[in-house]
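As structure tokens, the structure follows; a few thoughts come after it.
For the numbers below, each heavy atom of this structure counts, side chains included, while hydrogens, waters and symmetry mates do not.
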Amino acid sequence: MTAKPDRDLLAAPDDDGPAGGVLTSAGPHGCHAWVALLVEPVPGRESGDGTGEDRRAEAALADAGWLAGLWDPAAGARLELRYLHRPGEGLRCVLLGRVFAPAVDAAVEAALRLRDRLGALPAHVRATPVDAVDEIRGLLEPFRVHPAGLVEVRKQIRAGQPARPDAGVAYYLAVPRLAAGAASWDPLWQSVADLPEPFMLTVGLEPFAPPAPFVGMLADLATRYGRLAVPGRSARSPLRMHSHELAADPFAAYAARLFAESWQHYQSAVFRTRITLAAPGPLPPTLVSRVAATICAPRDDREVSHVVVAPEPAELDVAWRNVTTLDNTRWDLRYLYGLPVVPPALRLLAETMDAAEAASAWRLPPRPGTSGRPVFVSVHAGVVNVERMDTPTVTGDVFSNIGDGATVVNRSTVIGSFHRSHETGEPAPRLGILLACANPRGSEPLRLGEEDRTLRQSVALSADRDRIDIETLNAATIDDLRRALLRRPFDIVHFSGHGTRRGLVFEDDAGQIFQPSSTALAGLFARRGIRVAVLNACYSLSVGTISSIGTEFTIAADGPLADPAAIEFTRGFYDALGAGWEVPEAFEEGLGTVALKGLTFNAVLLRRGEKHVGS
């Protein structure tokens, strides 16, 4: 008797269309839009009257505060700070932003709003918007990358072997946070300015709201490792009548501290981060080491918390596309090589930073020195030269998002197919899922948490996991659902809970049973443009057969619905959607999965305007 949440479908645009200071790429599913600003230090502006170290510390605090002010998951923006070097010139600092909207006009408007927010910089720097679309293209792709000319700097995922028999796991995993500080970047700027070849350092940020399961995982792991970090006693058994003392596990003590830090810092206002170094020729190893060590300064405990990762040849196109479109599709072959299986949530942790960490990598230009040659190009006149490196291109159709159970940060309503086009090779459109779970007091207990876990596992194991976003509403009231659909558009609503012949069962503010009018609920779906409604509840045809529901597909039950069958249907249905199948085929896969487990799932698939025979 369970039901499932909504699904978001984000697809990629097709055509390039310039619009006053905004580069757009529009297609049948919506429009992406990019903006750019050139940033330079303000001569004579100092953050304080103290030492250079004091001024750097104050500037770092100002940068972190500015960056925290940019955190807005609802805006659905991608942000990038980029340093470009051309031989014979000074360094050029660029701020880039990307947004997505269902229509070109809305995308342009959102992009210009983002540009205004990016331009409200701390006092020691100033920005000039880039008005020419060709110049924005050139800043997105300033050269063609060399096969040995791209690496990323990432957090190190550490693995360890349990030293205690009561650990309960075969291996340990932990992810250190990066040190947040105000170390001087002056030696690095000078090294880059003297390079004989073009070079780019670019740091991408994607604001997201950490979902409750992710935060709960951090707290749970901190507690579990904390238990192993102190001495304990073994359990008695038929072969061992006496317990004995167990020593504290050193790696568990290390991991407990790291997860406690992450739980403290990653409860809200965090960013998914990408740090990339690129060049049109092979990257000098000494330069890579210097950049990585400067960005990721050692922690107070002197631990080196980063690694430098190069893509395999088959991953280079994806890695470079991330840079040229401000995307964040994962490539992990070398990064995860030699590690045990890394769960998706821990992989997300390795990309997560708070504003203080991110500001250490998003370092705005320093105040100009009083002596020596200038390092940064003066750009206040708004003149940009993009022809000297290479002929840039901006690709459409290649965008992705968080996935792995994280809360979606840039959703948009998309009309079109769920599947990958085998004729054109176009990637599958984005798929967003809103899972609304309700099990009011006084109703039969349901395994809603198991259904949520099953759905997320299916997505995490799918080939298109980076294109699928999940958001869960627990103990959902009808107002929770309505407000969630107001905050951002969804394409699939999946309700998981109880139902009767009078409609779906939600909770009220006191946790008691509340049943909204089925006609009113169908009207809500229609107004919000929901494409697919998965109503995993008993008698959910009371909603599904209403002609005004307006969804392209509705999956609803004709009678009682067993909890185990609902969970197995969820498994098969989202396995298939994750594989790129269309909704009707995914529905059949869900039914087949139920049958393989010897269960019965008496639900039907209705298309828009179709009535169930016998209803």
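With a 4.5 Å cut-off on side-chain heavy atoms, Arg82 and Cys93 do not count as touching. Between Tyr83 and Pro365 there is a side-chain heavy-atom pair separated by less than 4.5 Å. Within the 4.5 Å cutoff, side-chain heavy atoms of Phe208 are placed close to those of Val270. Residues Phe100 and Cys31 are not in side-chain contact: their nearest non-hydrogen atoms beyond the backbone lie 4.5 Å or more apart. Counting heavy atoms from C-beta outward, Trp71 and Phe271 have side chains that approach closer than 4.5 Å. Contact annotation: the side chain of Arg528 never approaches that of Phe490 to less than 4.5 Å [non-hydrogen atoms, C-beta and beyond]. In this structure, the side chains of Leu23 and Leu140 come closer than 4.5 Å at one or more pairs of heavy atoms. Contact check for Leu606 versus Leu541: side-chain heavy atoms found under the 4.5 Å cut-off.
Between Trp362 and Gly204, the shortest heavy-atom distance links the atoms NE1-N, 4.5 Å. Contact between Leu114 and Gly97 at its shortest, heavy atoms only, is CD2-CA, 3.7 Å. Here the shortest heavy-atom pairing between Phe525 and Leu535 reads CE1-CD2, 4.2 Å. Between Phe199 and Val192, the shortest heavy-atom contact is CD2-CG1, 3.8 Å. Pro41 approaches Val125 most closely through the heavy-atom pair CA-CG1, 4.0 Å. Of all heavy-atom pairs spanning Arg115 and Val130, the tightest one is NH1-O, 3.9 Å.
Considering Leu178, Leu201, Val203, Leu277 as possible partners of Val153, the one that fulfils the side-chain contact (heavy atoms from CB on, under 4.5 Å) test is Leu277. A side chain to side chain donor-acceptor pair (under 3.5 Å) with Asp327 is found for exactly one of His32, Arg274, Arg78, Arg321, namely Arg78. Just one residue in the list Leu504, Leu521, Asp508 forms a side-chain contact (heavy atoms from CB on, under 4.5 Å) with Ile478, and that residue is Leu521.
Applying the side-chain contact (heavy atoms from CB on, under 4.5 Å) rule to Asp332 yields the partners Arg154, Arg330, Tyr335, Leu336, Arg347; only residues at least two apart in sequence or on another chain are considered. Residues passing the ring pair (Phe, Tyr, Trp, His ring centres under 6.0 Å) test with Phe214, sequence neighbours excluded: none. For Ser517, the side-chain contact (heavy atoms from CB on, under 4.5 Å) partners are Thr519, Ala520, not counting sequence neighbours. The side-chain contact (heavy atoms from CB on, under 4.5 Å) check on Asn474 picks up Cys437, Thr472, with sequence neighbours excluded. Listed by chain and number, the residues in a ring pair (Phe, Tyr, Trp, His ring centres under 6.0 Å) with Trp331 amount to none (sequence neighbours excluded). Annotation: side-chain contact (heavy atoms from CB on, under 4.5 Å) contacts of Arg113 (sequence neighbours excluded): Glu109, Ala110.
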- Residues Arg607, Glu552; criterion side-chain contact (heavy atoms from CB on, under 4.5 Å); working and verdict: CA-CA 6 Å; Arg607 291 169 172 81; Glu552 185 175 343; over 6 Å; no
- Tell me, with the steps shown, if Arg98 and Glu206 meet salt bridge (Lys or Arg N to Asp or Glu O under 4.0 Å). CA-CA 10 Å; Arg98 189 191 92 186; Glu206 181 179 359; over 6 Å; no
- Message: Apply side-chain contact (heavy atoms from CB on, under 4.5 Å) to residues Leu524 and Leu485 and explain how you reach the verdict.
- Response: CA-CA 9 Å; Leu524 174 65; Leu485 297 179; 4.1 Å; yes
- Task: Before giving the answer on side-chain contact (heavy atoms from CB on, under 4.5 Å), spell out for Phe514 and Glu507 the whole-Å C-alpha distance, their side-chain angles and the decisive distance to 0.1 Å.
- Result: CA-CA 5 Å; Phe514 174 77; Glu507 298 191 17; over 6 Å; no
- Could you walk me through whether Met353 and Ile275 pass the side-chain contact (heavy atoms from CB on, under 4.5 Å) check? CA-CA 12 Å; Met353 295 186 191; Ile275 304 172; 4.1 Å; yes
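Under a cut-off of 6.0 angstrom, the local environment of CG in Asp105 is sparse, with at most 12 non-hydrogen atoms contributed by other residues, nucleotides or ligands.
If you take CG on Leu348 and CZ on Arg272, they are separated by 7.0 Å, rounding to the nearest 0.5 Å. Taken to the nearest 0.5 Å, the OG1 atom of Thr128 stands 8.0 Å off from the CG atom of Leu37. Considering CG of Leu605 and OG1 of Thr554, their distance stands at 8.0 Å, rounded to 0.5 Å. Atom CG in Leu473 sits 7.0 Å away from atom CG in Leu481 (nearest 0.5 Å). Leu118 CG to Leu95 CG: the interatomic distance, rounded to the nearest 0.5 Å, is 5.5 Å. To the nearest 0.5 Å, the span separating CG on Leu70 from CG on Leu205 amounts to 9.0 Å.
Under a 3.5 Å cut-off, the side chain of Glu141 and the backbone N or O of Gly138 do not form any donor-acceptor pair. A donor-acceptor distance shorter than 3.5 angstrom exists from the side chain of Asn322 to the backbone of Thr329, with no hydrogens or angles considered.
The ring of Trp320 has its center closer than 6.0 angstrom to the ring center of Phe143.
When only modelled atom types and interatomic distance are considered, Glu80 and Thr202 share a side-chain donor-acceptor pair under 3.5 Å.
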